[in-house]
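If you read the sequence from its start, that first residue is 1, and numbering goes on from there.
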Amino acid sequence: GSTVETRHQLMTTTLRSPFFYYTTAPDITPEAEQYLREADTYFPKNDVAKITECYKKALEKSPDSSYLLSNIGTLLSIQGAVSEGIKLLRKAIEKNNACVAAHHNLGAILLSHGVLEAALEHLQKAQELEPKESAEQQPKIHEIEPRKAAILNNLGLVYLHLNQLEKAQE
């Protein structure tokens with residue numbers, strides 16, 4: 001019924017701007033980068049299976065990459081393998097607590113599933129970290145809207161759901 005529709009709607013509004021590291025990432029090997037470049041060619045075709053396959057191959061070459069873990073965790077979550085996706089996002093944060101993408105994506109996914117307190121924690125962390133990533137640490141990212149706006153949008157949604165209206169209006 002309506003809760004499923006609402007949840008789906010929430011998913012599209014929150015994950016409209018997941019942060020992906022498309023063609024490179026600060027902590028990957030050249031071999032892994034090749035797979036990212038290959039994955040990039042499948043984005044226009046929306047071939048999620050191929051993109052996921054390329055990311056998994058990239059991760060085999062750079063198993064400690066927080067950015068790749070964030071990418072794969074987000075992709076899996078979007079495809080419905082939410083608990084596996086969340087595990088990978090948490091692992092990304094464990095390896096690199098300053099990975100804005102992992103905090104933002106995890107926060108957005110938790111938000112879409114109504115886990116509001118945890119979502120708030122990760123989105124606040126993303127907001128706090130965002131200005132600190134220097135330009136060269138920010139690989140080319142395909143985006144619909146600026147990262148900052150996406151983080152603030154999701155934080156606003158959490159505050160709204162937590163009935164913290166005055167916070168949401170800030």
dist Glu121:CD -> Leu116:CG (nearest 0.5 Å) comes out at 13.0 Å
Okay, side chain of Asn71, backbone of Tyr55: is any donor-acceptor separation there less than 3.5 Å? no
Nearest-0.5 Å distance, CG of residue Asp27 to OG of residue Ser65: 3.5 Å
Value rounded to 0.5 Å, distance of CG in Leu36 from OH in Tyr67: 13.0 Å
Could you report the tightest heavy-atom contact between His104 and Ala126, atom names first, then the distance? N-CB, 3.8 Å
Ser77 and Ile86: which non-hydrogen atoms are nearest, and at how many Å? OG-N, 3.9 Å
Return yes when atom NZ of Lys95 has more than 12 non-hydrogen atoms of other residues, nucleotides or ligands closer than 6.0 Å, and no otherwise. yes
Are side-chain heavy atoms of Leu76 and Leu88 found at a separation under 4.5 Å? yes
To the nearest 0.5 angstrom, please state how far the OG1 atom of Thr52 sits from the CD1 atom of Ile78. 9.0 Å
Distance check, rounded to the nearest 0.5 Å: Leu68 atom CG versus Cys99 atom SG? 9.5 Å
Closest contact, heavy atoms only, Ala39 versus Ile51: O-CG1, 3.9 Å
Which pairs pass side-chain hydrogen bond (donor to acceptor under 3.5 Å, both in side chains) with one or both residues in residues 82-94, sequence neighbours excluded? none
With the side chain counted from C-beta on, respond yes when Arg37 and Thr41 share a heavy-atom pair under 4.5 Å apart, and no when they do not. no
Are side-chain N/O atoms of His122 and Asn105 paired as donor and acceptor at under 3.5 Å? no
Would you say that Ser70 contacts Leu89 through its side chain, given a criterion of any heavy-atom pair below 4.5 Å between the two side chains? yes
Under the 3.5 angstrom rule, does the side chain of Ser112 hit a backbone N or O of Ile109 as a donor-acceptor pair? yes
Establish whether Leu111 and Leu120 are linked, either directly or via other cluster members, by ILVMFWY side-chain heavy-atom contacts under 4.5 Å. yes
Nearest-0.5 Å distance that lies between atom CD in Glu31 and atom NZ in Lys57: 14.0 Å
Would you confirm whether Glu53, through its side chain, and Ala49, through its main-chain N or O, come within 3.5 Å as a donor-acceptor pair? no
Test of understanding: clusters of I, L, V, M, F, W, Y form through side-chain heavy atoms closer than 4.5 Å, transitively. Do Phe43 and Ile72 belong to the same one? yes
N/O donor-acceptor pair under 3.5 Å between His103 side chain and Asn97 backbone: yes
I'd like to check Glu117 versus Leu110 (side-chain heavy atoms, cut-off strictly below 4.5 Å). Are they in contact? no
Check Ala119 against Gly107 and note the closest heavy-atom contact, atom names and distance. CB-O, 3.4 Å
Any non-hydrogen side-chain atom of Tyr42 less than 4.5 Å from a side-chain atom of Val48? no
Please evaluate residues Glu60 and Lys56 with respect to the criterion salt bridge (Lys or Arg N to Asp or Glu O under 4.0 Å), reporting the C-alpha separation (whole Å), side-chain torsions for both, the decisive distance (0.1 Å), and the verdict. CA-CA 6 Å; Glu60 284 170 22; Lys56 283 182 171 173; over 6 Å; no
Side chains of Ser66 and Ile93: does their closest heavy-atom pair fall under 4.5 Å? no
